[in-house]
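Reading through the structure tokens given below for one structure.
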Amino acid sequence: MRMIAALLLTFVAVSTAVVEYAYNDPQIVDEFDLAPGDYSEDYKALLDGDENCWYLRFQVKSDNTVFVQFSPINGESEEYYEVMIGAWDNRNTCILKQPGKQWLADVRTEGVITGRDWQYLYIRQSHGYWEVGNERTGEVIAYGYDEDRHHIRYFRVGSNNRSWWKFYLPGLGRRIVKQDIHDPGQYIWHFPKFYSNNFYLEFAVKAGRDASLVFSPTNGYGDDIYEIIISAQELFVCLRRKKDEDPIIDKPYLDILDVDNYRYFWVSYRDGVIAFGRYGDDEPVFVYEDENPLDIQYFGITSYHVKSWWKFYLPCPEPLIVCEWESLNLKCPNGFITIKNALYGRENKAYCYRKGLKETKGCGDPEISYEVLRQQCYGKEECTIDAVNDVFGDPCYGTFKYLQLEYSCCHCD
């Protein structure tokens, strides 16, 4: 059984930068089967960085219970979670926390897995909120909430009967964000801000030539940037340090892009060292150490002469949720607020939980919630929202509600 190579980049501060990097088939990272009663031999790293949020996608076949066990360490621990899919003779899906045998979820899901067909599933954890669902239909199978959570970094799998598994790279532990550029030369800057100045970004792009990523301290194309141009003039990979100046790295590289198929890449930035590579290569395309490193917070993309299609594998966003009767302050220094989506109501018991809370689904209208927020906050640098019925109306009388939203800051004219 092959082991998953950890998705970690480690830089050693010596006279020259030394980098350890992942190089894997970007499609199936690990494909294996387990005998009845077995667990996988090794724990696998979910991701490098934020333990508060991750998103695990996988395929599985089995006619009885399969287990996904999550641990804070690379090995067995007294503190762990176990997701059981098809538990109790393929009748339930459960989320168990140890120690103490705390059942975060135990839901009837008759026939959720089968030994005949692959099931495309996901498990997501975001700041204590757990969710198990179908990757293709988007259906949520089970969910639960743990206020005093373990900080998870590794997982392994097992099964009662024989089982078959598939896991994927890039993006193990991350969500997929897609973006197409149909107007060559158009810059797209609406991606989430990096959590820290050290980051590891995985992505895929499909283009004939001149696909560009720009990393910037501001949410736009300023004078001080790192710009990586892939397949520049169909012959080179370039790194530009200043806007509109000649590249500081100009490396020949043929056939690095394809207009019909996605090619998979990674970029890392740590302590002033930026590295860029392609999955499947044994060495990075380039590694550059900047004597005057930039404080990178944003990235944008374009393609100069042709259309392009992109996929980014990003950490889950910080959830913006405020319980009923509370307030939320939105800020966009030197920019203005744009609302992406919103819901005032309740879709599950996980957020803003109260004892005796009734099961409620479909409570709230996203279109009405979005319009209320748009009218109150759009175009402002700062906005305070009260999560109360007087503002949004009462979509489900007698239910304790919450406001969930996503917004971005536009630094534009």
Side-chain angles (χ1 to χ4, degrees), residues 3-4 6-8 30 32 34-58 60 62 64-109 112-113 121-133 140-161 163 165 167 172-174 315-316 318-319 321 323 348-357 359:
M3 294 174 58
I4 290 184
L7 293 179
L8 303 174
D30 211 359
F32 58 88
L34 293 175
D38 275 0
Y39 273 93
S40 51
E41 294 178 3
D42 303 291
Y43 284 83
K44 308 174 192 305
L46 267 173
L47 49 79
D48 175 25
D50 187 16
E51 303 134 334
N52 290 319
C53 184
W54 42 261
Y55 191 109
L56 178 65
R57 300 183 305 275
F58 59 96
V60 64
S62 185
N64 207 327
T65 315
V66 297
F67 307 91
V68 186
Q69 192 176 94
F70 298 90
S71 171
I73 62 174
N74 188 7
E76 293 187 15
S77 169
E78 292 183 357
E79 297 182 343
Y80 67 90
Y81 298 95
E82 190 161 62
V83 176
M84 293 170 274
I85 303 170
W88 324 132
D89 293 325
N90 206 2
R91 291 196 298 266
N92 287 32
T93 294
C94 311
I95 305 172
L96 172 66
K97 179 187 179 183
Q98 295 283 22
K101 201 171 185 179
Q102 303 173 55
W103 295 96
L104 305 183
D106 189 355
V107 182
R108 177 72 72 174
T109 54
V112 67
I113 56 174
L121 303 176
Y122 70 85
I123 300 172
R124 180 171 74 93
Q125 188 276 142
S126 176
H127 298 262
Y129 170 64
W130 285 76
E131 186 176 285
V132 183
V140 177
I141 298 170
Y143 57 82
Y145 181 71
D146 183 18
E147 186 174 2
D148 185 23
R149 67 184 184 276
H150 305 320
H151 292 279
I152 298 304
R153 297 184 67 88
Y154 300 90
F155 74 97
R156 66 173 180 172
V157 299
S159 58
N160 279 348
N161 293 356
S163 60
W165 301 81
F167 293 93
L172 193 67
R174 291 169 167 84
C316 302
E318 184 89 10
I321 295 172
C323 301
N348 57 60
K349 289 184 178 181
Y351 296 133
C352 299
Y353 178 79
R354 282 191 167 188
K355 189 174 181 179
L357 186 66
E359 182 71 31

Legend entry - Atom pair CG (Leu121) and CG (Leu56), whose distance is rounded to the nearest 0.5 Å: 10.0 Å

Legend entry - Nearest heavy atoms of His151 and Pro72, plus distance in Å: O-CB, 3.2 Å

Legend entry - Non-hydrogen side-chain atoms of Ile85 and Val60 separated by less than 4.5 Å: no

Legend entry - Where at least one partner belongs to residues 81-94, residue pairs that pass side chain to side chain donor-acceptor pair (under 3.5 Å), sequence neighbours excluded: Tyr39-Glu82, Gln69-Glu82, Tyr81-Asp146, Asn92-Asp106, Thr93-Thr109

Legend entry - Donor-acceptor pair between Glu131 and Tyr122 side chains, under 3.5 angstrom: yes

Inset, instruction - Compute the ring centroids of Trp130 and Phe70, then answer whether they are less than 6.0 Å apart. - result: yes

Legend entry - For the student: nearest non-hydrogen atoms of Val107 and Ile141, plus distance: CG1-O, 3.8 Å

Inset, instruction - Look only at the side chain of Thr65 and the backbone of Gly86, and say whether a donor-acceptor pair between them is shorter than 3.5 Å. - result: yes

Legend entry - Where Ser40 and Arg156 come nearest, the two heavy atoms and their spacing: OG-CB, 3.3 Å

Legend entry - Residue pair Ala105 / Tyr143: nearest heavy atoms and the distance that separates them: CB-O, 3.3 Å

Inset, instruction - Evaluate side-chain contact (heavy atoms from CB on, under 4.5 Å) for Leu96 paired with Lys101, printing each intermediate quantity in order. - result: CA-CA 6 Å; Leu96 172 66; Lys101 201 171 185 179; 3.7 Å; yes

Legend entry - With sequence neighbours excluded, residues passing ring-ring contact (aromatic ring centres under 6.0 Å, His included) with Phe58: Trp165, Phe167

Inset, instruction - Given side-chain contact (heavy atoms from CB on, under 4.5 Å), test Glu76 with Tyr43 step by step and report yes or no. - result: CA-CA 9 Å; Glu76 293 187 15; Tyr43 284 83; 3.5 Å; yes

Inset, instruction - Indicate the atoms forming the closest heavy-atom contact of Ser159 with Val66, along with that distance. - result: CB-CG1, 4.0 Å

Legend entry - Flag side-chain contact, heavy atom, 4.5 Å: Asn160 against Phe67: yes

